Amino acid sequence: MIVSMNNVVAHKAVAAYMDKSKQAGGEPVCAFIYDLRALREHAERCVRELPDGCQLFYAMKANPDEQFLKCLAPIVHGFEAASIGEIRKVRKVAPHIPVIFGGPGKKDSEIAEALDRNVTLLHAESIHELRRISMLASERDIAASILLRVNVRSVLPEATLTMAGRPTQFGIDEAELPDAIRLAQSLPNVVLEGFHLHSISNNLDARLHALLIATYWQRVKDWSRTFGLSIKYVNVGGGFGISYTDPDRQFEWPVFTHELQQVLAEHRMPGVQLLCEPGRYIAAACGYYAVEVTDIKRNHGKNFAIIRGGSHHFRLPGSWQHSHPFEIIPVEHWPYPFPRTALYDSEITVAGELCTPKDVLAREVKVDRLRIGDVLLFQFAGAYGWTISSHDFLSHAHPEHIYLEDDMD
Ligand SMILES: *Cc1c(COP(=O)(O)O)cnc(C)c1O
């Protein structure tokens with residue numbers, strides 16, 4: 001088991017939170033719970049196990065929560081930010097930490113402010129962007145360090161990958177790369193420091209990931225030779241997966257780092273650092289979404305549990321169309337003077353409080369027992385959870401955000 005999950009800690013936190021909220025007048029439980037100790041330990045391990053010459057940048061779009069950034073800043077080599085808003089968030093907690101600025105739609109004002117805020121590297125996502133970076137750097141009388149983001153063609157057999165080598169809005173088509181490299185070489189105010197090749201998402205296969213990096217590395221060597229480049233970085237992106245539907249089958253980080261070691265030994269490029277920028281893999285397992293069951297009903301032969309909360313807080317299961325894993329935390333407290341509805345050995349669909357049939361977090365999941373008033377603890381809610389959701393759709397109250405620190409038992 002690679003991704004650390006300390007459910008015991010989350011359980012205790014939910015129990016404490018339920019006590020508190022019941023005493024306070026009994027609004028149903030609805031909270032994100034973040035285990036910062038687990039986050040710290042997991043990130044430390046990921047960084048520690050990387051081979052020499054590799055750096056880990058946290059892709060903060062996975063979860064830009066200030067507590068996450070504070071927790072991670074002393075551990076990671078830097079942060080990958082995709083907007084000026086993200087850069088400001090990093091600079092607030094870590095004024096001097098290395099920052100990579102990526103993303104396909106950088107405005108002039110964002111590039112300018114990023115340069116003023118001493119961003120370490122900018123990913124140029126297009127030829128037009130490259131020109132604008134150089135222009136804005138020249139206005140400041142500096143040279144901007146850039147990586148060209150390449151949208152590679154057919155990296156590996158198509159079927160094995162989810163995102164590589166197909167038309168997307170990201171990066172510069174490999175077919176246009178020679179033009180982009182020549183342009184970068186000719187522009188006075190950019191320094192071409194290397195390449196960025198994030199082209200895969202949620203990959204669960206550690207060996208495949210190392211193999212992908214081997215092909216990237218080969219490509220970069222070819223480009224460097226062809227254009228006489230002396231580069232400093234190859235950014236291999238993120239995309240290390242989390243298995244939501246089969247939680248026991250996780251991406252094996254030690255296998256990846258071991259294979260990566262071989263890849264780097266084989267493709268040695270002196271003085272070149274490998275950067276990676278995982279988001280999901282760092283943050284997912286450290287967050288939980290705890291929601292109270294507010295109703296149970298049977299409709300057209302199917303059982304439904306309605307929760308306080310839903311896809312406006314946690315859109316991930318709906319957008320991925322999967323049944324998100326949860327466990328049931330029994331709650332004995334029952335405040336009503338009439339009997340409590342319970343289901344035994346049944347299949348249940350978990351729906352949120354929104355007035356849309358899309359607000360479903362898990363479908364036809366077998367449960368031993370579920371009662372109105374029990375709490376569902378959704379796992380792997382630390383990445384692409386709250387941050388990707390439409391918080392104000394239907395104007396329900398926001399969930400609480402609870403942070404478990406080192407000093408909690
Ligand atoms: C989203 C993103 C990442 C992080 O991806 P994960 O799947 O969360 O690891 C890294 N790099 C870039 C450029 C991204 O857009």
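Both counts, for ligands and for their atoms, begin at 1 and track the order of listing. Being a predicted model, the structure only gives us computed values, none of them experimental.
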Ligand 1 atoms nearer than 4.0 angstrom to some heavy atom of Gly238 are 9 (O), 10 (C)

query: Do NZ/NE/NH1/NH2 and the carboxylate oxygens of Glu113 and Lys106 come within less than 4.0 Å?
result: no

One finds that the ligand 1 atoms under 4.0 Å from a non-hydrogen atom of Arg280 are 6 (P), 8 (O), 9 (O)

**Report entry** Residues Glu353, Arg308: salt bridge by 4.0 Å N-O rule
**Finding:** yes

If we number the atoms of ligand 1 from 1 as shown, the ones under 4.0 Å from a heavy atom of Pro278 are 9 (O)

Determine, for Lys70 against Glu66, whether the closest basic-nitrogen to carboxylate-oxygen distance falls under 4.0 angstrom. yes

So the atoms of ligand 1 within less than 4.0 Å of a heavy atom of His196 turn out to be 13 (C)

Quick one: do Glu86 and Lys89 make a salt bridge, cutoff under 4.0 Å? no

Checklist entry - Between Glu44 and Arg48, is there a side-chain N and carboxylate O pair less than 4.0 Å apart? => result no

Numbered in order shown, the ligand 1 atoms found under 4.0 Å of a heavy atom of Gly279 are 4 (C), 6 (P), 8 (O), 9 (O)

protein heavy-atom neighbour closest to atom 2 (C) of ligand 1 works out as Lys61 NZ, 2.3 Å

CG/Asn299: more than 12 non-hydrogen atoms of other groups inside 6.0 Å:
yes

- Query: Can you find an N or O of Glu277 that's nearer than 3.5 Å to an N or O of ligand 1?
  - Reply: yes

Under 4.0 Å from one or more heavy atoms of Ala59, ligand 1 contributes atoms 3 (C), 4 (C), 10 (C)

Quick look: His123 vs ligand 1, heavy-atom contacts under 4.0 Å, and the answer is neither

Quick note on ligand 1: atoms under 4.0 Å from a heavy atom of Tyr384 include exactly 1 (C), 4 (C), 5 (O), 6 (P), 8 (O)

Is there a polar contact between ligand 1 and Gly239, counting only N or O atoms under 3.5 Å apart? yes

Taking the side chain as every heavy atom from C-beta outward, state whether Trp253 and Leu50 have any pair of such atoms under 4.5 Å apart. yes

Task: Salt-bridge contact Glu174-Arg219 (side-chain N to carboxylate O under 4.0 Å) - done: yes

